[in-house]
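Positions are given from 1, in the same order as the sequence printed here.
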Amino acid sequence: MSGAVAALGAAKLGGSWETDSTPAGDPYYPGDAAPGAAVAAPKWTPTARMSEVARENARPGTADFALLERRFGDDKRGQIAGYVSGSSVEVGGSLDFHVSVAPAQRYRIQVYRIGHYGGAGARLVRASPWLDGRTQAAHSVDPKTRMVSCDWEPGWRLTVGRDWVSGLYLALLTNAEGWCHWVPFVVRDPARRTAGLVILPTSTYQAYNLWPGDGRTGANLYYGYDESRKLVTTRRALAVSHDRPYHAHGLPHHIGDEIGFIRWSEQNGDDVSYATSEDLDTGRINPSQYRAVIFSGHDEYWTIAMRRAVAAARDNGTSLVFLSSNNCYWRVRYGGPDKRPDERIVSCDKVNPRPGRRPGLTCQWRRAGSPEQQLIGAQYVSVIDGFAPLVVRDSGHWFWAGTGLRDGDEIPKVVWKEADQVMPDADLPRSTERTVLADSPYVRLGGSQRQHTSLYRAPSGSWIFAAGTMGWTRVLYVDGLVDARLQRATRNLLDRVLQPPT
């Protein structure tokens, strides 16, 4: 299992984030209620003036829901695995589930919406009947790009009701022998004008997806297996496909960051809806229609269309909130070797131009002459060795109001994994205000570096926030890491960008 999901299990048990083992359990909900019991709704009662998300979260959740307390199949034996026909679906639309079971046997699908739900963390919204399953054809590997893809027959069609609430949904596949596998997707609702839009980084999910982890053919945009079954960069794929399951348990790399933020945000009743990287690229979602666009997790792989849409939204007055780090780092395109557009394929050969050479399409944004700092206000600087505290700066700013923090105060274990920095050798975006809200020294492999949390205001009036660390959302929600001061500061930010100006 990925380190991100392993960390989820460690958080629930009160363990260290450094571990890469995978204890069972769901860190976001301890599951103390009796199995199968409904969790009581929050004390308040929904009213017509509440956001749709708040009304949805007033419904009872599923008390025995857990992310990791399952008997998961593995990629080698393929007890059960699957994928859906689209990374998102519009309300009223449908998705096909492509499922393989080995040996052939019956299976069922339970669809949950992720939210707060009084502490339950999810609500069961649909369940299929028991379905006849079979072992599907073996996956194919493209000889040019090493892209792994499946051409499995659909087994069940899910029709999304028009009353479904936009959000992150997880479908649990379970075969007759009790083996499980998760399949994520997003329900979007572009007709509903919510204050905020949360983007789920599905292009980045696939970039890290190593399915199948069979020691032979599995590959992502980082690694592939060599003849000795070791993961090496020289065997990485140049393209990855959505037409395949996610590795192991089916939970994408880093999805815990999104789950934690979603549950915390929906607990607070934020008026938001949800979409994916592909929705942003194709124009199915127009970010300029929202007061703020929130990038809740690690969102590293962007197409030209994605960046243009987000930049246009900023220049039109839409605020941008980046709650992780190393965003918009690789420039990618949708489509395979034949260059035809295909949103099911993410291509990135990662070949940076030599000095004086014209950059290719799929290289680092900064190497193509458009550093991510021009949009975000800061950009990726390095990985982090272990943890470091976030060191507060400009504590008199409205962002820190009500936290009691002063310049130099530290919030532990926020600076983690990868860091951003306001780099002096990269162009800054035009702004009317600019500040660094945290300036945190940390240890990196081979030396030391500094992390920055930054905020600027564009000439359009929009605010652009960059957390500058992958540890930010974990301190909002995960037991043992929660810091009320950082929660308050993040609340100050979201209230400012989501509420209409006074």
Going by the rule side chain to side chain contact (heavy atoms under 4.5 Å, CB included), which residues pair with Val383 if we only count those two or more places apart in sequence or in a different chain?
Tyr380, Glu418

Would a 4.5 Å heavy-atom cut-off, applied to side chains only, mark Leu67 and Leu170 as touching?
yes

Test of ring centre spacing under 6.0 Å for His254 and Tyr208:
yes

Only counting residues at least two apart or in another chain, list the ones meeting salt bridge (charged side-chain N to carboxylate O under 4.0 Å, His left out) with Arg284.
Asp279, Glu343

If we only count heavy atoms from C-beta on, is the Arg307 to Leu375 side-chain gap below 4.5 Å?
yes

Is a side-chain N or O of Asp407 found less than 3.5 angstrom from the main chain of Asp394, in a donor-acceptor match?
yes

Parallel, tilted or perpendicular: which describes the rings of Trp330 and Tyr301, with under 30° parallel and over 60° perpendicular?
parallel

Which is it for Val422 and Leu428 under the side chain to side chain contact (heavy atoms under 4.5 Å, CB included) test, yes or no, and what are the steps along the way?
CA-CA 8 Å; Val422 179; Leu428 288 166; 3.9 Å; yes

Please tell me if the side chains of Tyr334 and Thr303 come closer than 4.5 Å, counting only heavy atoms from C-beta onward.
yes

Using side-chain heavy atoms (C-beta onward) and a distance below 4.5 Å, is Leu493 in contact with Trp398?
yes

Are any of the side-chain heavy atoms of Tyr112 and Trp182 separated by less than 4.5 Å?
yes

Which heavy atom in Asn492 sits nearest to a heavy atom in Ala401, and how many Å separate them?
ND2-O, 2.8 Å

Just say parallel, tilted or perpendicular for the rings of Phe185 and Tyr169, cut-offs at 30° and 60°.
parallel

For Glu372 against Cys328, the heavy-atom pair lying closest together:
CB-O, 3.5 Å

Hey, mind stepping through Lys417 and Ile384 against side chain to side chain contact (heavy atoms under 4.5 Å, CB included) and telling me if it holds?
CA-CA 5 Å; Lys417 196 73 172 180; Ile384 300 164; 5.6 Å; no

Only one of Phe322, Phe261, Phe465, Trp416 passes ring pair (Phe, Tyr, Trp, His ring centres under 6.0 Å) with Trp472, and that residue is Phe465

Among Gln373, Gln449, Gln379, exactly one meets side chain to side chain donor-acceptor pair (under 3.5 Å) together with Gln421. Which residue is that?
Gln449

Kindly determine whether Leu210 and Tyr225 satisfy side chain to side chain contact (heavy atoms under 4.5 Å, CB included), including the steps that lead there.
CA-CA 10 Å; Leu210 194 60; Tyr225 293 102; 3.9 Å; yes

With no hydrogens and no angle check, do the side chains of Ser431 and Glu433 hold a donor and an acceptor under 3.5 Å apart?
no

If we only count heavy atoms from C-beta on, is the Ile199 to Thr276 side-chain gap below 4.5 Å?
no

Contact summary for Leu498 and Val272, nearest pair of heavy atoms
CD1-CG1, 4.5 Å

